[in-house]
Structures are given as structure tokens and as C-alpha cells.
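When reading the values below, keep in mind they use all heavy atoms of this one structure, side chains included, and skip hydrogens, waters and symmetry mates. Order of the sequence lines sets the chain letters (A, B, ...), proteins ahead of strands, with each chain counted from 1.
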There are 2 protein chains.
Amino acid sequence: MSGASVAAPREQAVEAALDRAASACAARGAQLTALRRQVLRLVLDAPHPVGAYALLDQLRAERPGAAPPTVYRALDFLQEQGLVHRVERLNAFVGCTGPEAHHHCGHGHDHPHQFLICASCGATAEICDDRVAAAVRDAARAAGFVPTRTTVEVEGRCAACVAAGQGGPSPA
Amino acid sequence: MSGASVAAPREQAVEAALDRAASACAARGAQLTALRRQVLRLVLDAPHPVGAYALLDQLRAERPGAAPPTVYRALDFLQEQGLVHRVERLNAFVGCTGPEAHHHCGHGHDHPHQFLICASCGATAEICDDRVAAAVRDAARAAGFVPTRTTVEVEGRCAACVAAGQGGPSPA
DNA sequence: GCGATATGCGATATAGAATAACGTCACCCC
DNA sequence: GGGGTGACGTTATTCTATATCGCATATCGC
């Protein structure tokens, strides 16, 4: 580690992501306002999925008048823009670290994605597996169902926790 | 339809399911008490996923002292027994109509399942697709992740609504 | 019979998640 | 300068879920 006094790598990455987000929004005619940017920053800063009220508490440090609708409206916007995802199992939100952010697999900003949620450490990884997406689509179609949005969330133990715990559970 | 005055087919089916559930619990050393059976009946009676507080309201008709923990504890038990599932997207519960109930595809009472949720009419179908389950498992493993439970929920339009609406949205 | 432990449930309180409804202000376009 | 739109403030309420304490009963070993 080389001196954290100026700007930690993570902070730089978040700033870069915020700038990319602003560009992406602008390109679609949407505005990443100061408030929305602030909320997005809070989500991206969090190491794990964050609840809306945790965001609200943090937001209030800078914006005393903030209320639930403040944060929910911002989150709705950010979800529409594909900048954050909601983790249904946790009633919480994560920054999108998938294709939208890094252009890994060529999907739009409403891309299919899946979450791997570690029950032990709380880490939540976003993956983008085409076989999963295809299998789900086919299964739905086979039932005469026309899918619009799909939620895939896997709970289990992440590689790090498996390595550390050698199988036993140690939920934080 | 032949006379609903004695016992509608649906009621009979629910009663049969309740008896099957009681047997299954007994076989595992768990007790399907009167309260739990009552809650399970309410879930099975509902045509669509039901919220915990809707169940609570109904439950109070027969059991005035019922409070949130009453219904949540019953639901936790029923979920452990694989008799009901939670639909994360809806914060609601459905009776298990999958392999556990009908022995369709040879899984235990912690079987993989997927939901197809119609945004138009609210109908929620449970399916049990092995390709989906396998794809999800493989994707998780590829990330070094050891899965324990998986949620797959597809939102869209069911066959009936697609046929009726010819494509346009008419969310009830 | 008697205490020990476990389970199921009643009852109260509180925390957490989400939305409804209404008002204001800025901006833009004509 | 009137009208529309979008973003946000503000207040209130609803819905979802859990924590905690306490009581009754059942079951077991002795």
C-alpha cells in the first residue's frame, strides 16, 4: 500500500465509475443530479449491499432534510439506469459491477445478471452467465410465459469463506 | 361444475394436501399443529401469493389473539418443511405446488424451484426445471461459490394474459 | 411424583422497508 | 407570462419483519 492520504485506489475507482455513470446518463438524456450522484456514491462505497435506510442515515449527514422518498426516488432512477441493482433476498442495493460498468459481455443497461450472496461474510458478487439466462428464458417460454425481468440469487459460501472456514459455518 | 354445496373440488384438494403435509411432517418428526395447519390452509386457499399480514387478518377471524410473530413463526416452520415458499419479489408466500406436493421430479423437500410471476394477473406458477438448476449451480461453482439455496423468479406475462391481451399491458 | 429441558405459542414493542399524497421551485418552450 | 415537466421537499401512513419476555405443556430420566 502506498500512502492513503491523497486518494485510495478504491476511491479513485468510485470516482471513475461516477463519471462513467454521468456520461452514460447524459447519453440517454437522463440527468445524474447531485443527489443521485451522492446516493450512487454511497452505494458504491459500501462493501456490501446496503439497505435503503442505511443509505438514508448516511445521506442525512450531508442533507439533513432527506426522507425515505428522497432515497427511494434516487434508487429508482439509478435502477432504471442500470447503475444499481436491488438484491431481493436482502431488501438491499448494490452498485452494478457487471457488464454495464465494465462492458464485459455486451448487454444493454437492462442486462441479465445473477447474484452470489455469501451467507458467511455478506459479500455479494454479480455475475452474468448466459447459460443461466438462456435456461431461464427457455423454461419460461416452455410454459407459455413471456419474461420481462428475471431475478436469480444464490445464497451460499464464497470462495474466501470456504477456504477460511474449511466447511463449518461462521456467519458474521 | 356439479354442485358446490358439499365440497368443491378445490377444497377437497386442499384437504388432501393438508393431510399429506401432516404425514410428511410426522415422518420427519415435526408437528403440523392446529395453528400451522390453519396457516397452511389459508396459503393454499389463496389463488395467488399472500402477504403475511393478509394471512394475519384472516387468521384473526378464528384466532383473535394472533399477532405478527404468530404468522411468521408458522410460515418459517412451513418453509422449513418445504410446504410453502416465499416469493421474494412480492414479499409474499405460496403453497408449494411442485415436486414435494406431487412427486413430479424426484427432489426432496428442499427442492430447487423457479417462479413465473405474471405482472398482469398476479398468477404465480412454480416450475422445477433441471436445466436452470444445473446452469445456476455450475455458474456458482465456476466462481468458487458453494450454493445452498437459490431463488429464481421471472416476471412477465402468463400464457392466459398474453392470449387475452394480445401484447398490450393491462396490469390489474 | 418431581425437577430439567425443549417446544409451541401468547403478547408487547420496535425496527425496517416502501409508498401515498401534496407542495414548491426551476427550467424550458412557445 | 402561461403552461408543462421534472426534480425534490415534506408529512403521513402502510406494510413487512423481528426482538424479547413470559407462560403452558410435553417429555424424559430419576
Side-chain angles (χ1 to χ4, degrees), chain A residues 21-22 25-26 28-40 42-43 46 48-81 83-94 122 151 153 171, chain B residues 21-22 25-26 28-40 42-43 46 48-81 83-94 122 151 153 171:
Chain A
C25 287
R28 295 180 208 121
Q31 333 172 30
L32 188 65
T33 62
L35 172 62
R36 290 164 175 172
R37 188 178 174 115
Q38 223 168 350
V39 172
L40 178 55
L42 291 173
V43 173
H48 293 327
V50 219
Y53 280 66
L55 289 172
L56 181 55
D57 286 345
Q58 294 180 257
L59 190 58
R60 276 179 168 148
E62 305 173 79
R63 205 176 271 259
T70 310
V71 62
Y72 278 104
R73 284 193 287 232
L75 287 169
D76 284 347
F77 172 85
L78 295 170
Q79 283 179 269
E80 278 165 20
Q81 298 298 315
L83 298 168
V84 312
H85 294 304
R86 182 184 157 72
V87 185
E88 301 289 344
R89 287 187 74 90
L90 306 178
N91 291 335
F93 302 84
V94 285
T151 300
E153 296 177 1
Chain B
C25 287
R28 294 180 210 121
Q31 336 172 28
L32 187 65
T33 63
L35 171 63
R36 290 164 175 173
R37 189 178 172 114
Q38 223 168 350
V39 171
L40 178 54
L42 291 173
V43 173
H48 293 327
V50 219
Y53 280 68
L55 290 173
L56 180 55
D57 286 345
Q58 294 180 256
L59 190 58
R60 276 177 168 151
E62 305 173 78
R63 205 175 269 260
T70 310
V71 62
Y72 278 104
R73 284 191 287 228
L75 287 169
D76 285 347
F77 172 86
L78 296 170
Q79 283 179 268
E80 278 166 18
Q81 297 298 316
L83 298 169
V84 312
H85 295 305
R86 182 185 158 76
V87 185
E88 302 289 345
R89 288 187 74 90
L90 306 178
N91 291 334
F93 302 84
V94 286
T151 299
E153 295 177 0

*Asks:* When the nearest nucleotide of DNA chain C is assigned to B:Ala34 and to A:Gly51 on a heavy-atom basis, which residue is associated with the more 5' position?
*Replies:* B:Ala34

*Asks:* May I ask you to verify whether the side chain of A:Arg73 and the base of D:dG9 hold a donor-acceptor pair under 3.5 Å?
*Replies:* yes

*Asks:* Begin with the C-alpha distance, continue with both residues' side-chain angles, and end with the deciding distance and a verdict on side chain to side chain contact (heavy atoms under 4.5 Å, CB included) for B:Val43 and B:Leu75.
*Replies:* CA-CA 10 Å; B:Val43 173; B:Leu75 287 169; 4.3 Å; yes

*Asks:* Is the shortest side-chain N/O distance from B:Thr70 to OP1 or OP2 of C:dC9 below 4.0 Å?
*Replies:* no

*Asks:* Of all the nucleotides listed (C:dA18, D:dT18, C:dC9), which has the minimum atom distance to the side chain of B:Leu35?
*Replies:* C:dC9

*Asks:* Hey, which of these two, A:Ala74 or A:Pro69, hits DNA chain D nearer its 5' end, going by closest nucleotide?
*Replies:* A:Ala74

*Asks:* By nearest heavy atom, map B:Ala67 and B:Ala30 onto DNA chain C; which one lands nearer the 5' end?
*Replies:* B:Ala30

*Asks:* Which atoms form the tightest heavy-atom contact between A:Ala66 and A:Leu59, and what is the distance?
*Replies:* CB-CD2, 4.0 Å

*Asks:* In whole angstrom, give the distance that lies between atom CG of B:Leu59 and atom P of D:dT16.
*Replies:* 16 Å

*Asks:* Just how far, in rounded Å, is P of D:dG9 from CD of A:Glu62?
*Replies:* 13 Å

*Asks:* Taking OP1 and OP2 of C:dT7, is either one under 4.0 Å from a side-chain nitrogen or oxygen of B:Arg36?
*Replies:* no

*Asks:* Between D:dG9, D:dT11, C:dT19, which nucleotide has the shortest distance from any of its atoms to the side chain of A:Tyr72?
*Replies:* C:dT19

*Asks:* Under 5.5 Å centre to centre and under 30° between planes: does that hold for B:Tyr53 and the six-membered base ring of D:dT16?
*Replies:* yes

*Asks:* Using whole Å, what does the distance between atom P of nucleotide C:dG8 and atom CD of B:Glu80 come to?
*Replies:* 9 Å

*Asks:* Between A:Glu153 (side chain) and A:Glu88 (backbone), is there a donor-acceptor pair under 3.5 Å?
*Replies:* yes

*Asks:* Report yes if at least one side-chain N or O of B:Arg63 is closer than 4.0 Å to OP1 or OP2 of C:dG10; otherwise report no.
*Replies:* yes

*Asks:* Counting Watson-Crick and G-U wobble pairs only, both distances under 3.5 Å, name the nucleotide matched with C:dT19, or none.
*Replies:* D:dA12

*Asks:* May I have the step-by-step check of side chain to side chain contact (heavy atoms under 4.5 Å, CB included) for B:Arg86 and B:Val94, ending in yes or no?
*Replies:* CA-CA 6 Å; B:Arg86 182 185 158 76; B:Val94 286; over 6 Å; no

*Asks:* Quick one: is A:Arg86 getting a side-chain N or O under 4.0 Å of the C:dA17 phosphate, OP1 or OP2?
*Replies:* no

*Asks:* Roughly how many Å is it from CD in B:Gln81 to P in C:dT7, rounded to a whole number?
*Replies:* 13 Å

*Asks:* Calculate the interatomic distance between A:Asp57 atom CG and C:dA17 atom P; express it in whole Å.
*Replies:* 10 Å

*Asks:* Calculate the interatomic distance between A:Asn91 atom CG and C:dA15 atom P; express it in whole Å.
*Replies:* 18 Å

*Asks:* Nearest-Å distance, CD (B:Gln31) to C1' (D:dT25)?
*Replies:* 11 Å

*Asks:* For the pair made of CG in B:Leu55 and P in D:dA17, what is the distance, rounded to whole Å?
*Replies:* 11 Å

*Asks:* Show the nearest heavy-atom pair for residues A:Leu78 and A:Arg36, with the distance to one decimal.
*Replies:* CD1-O, 3.9 Å

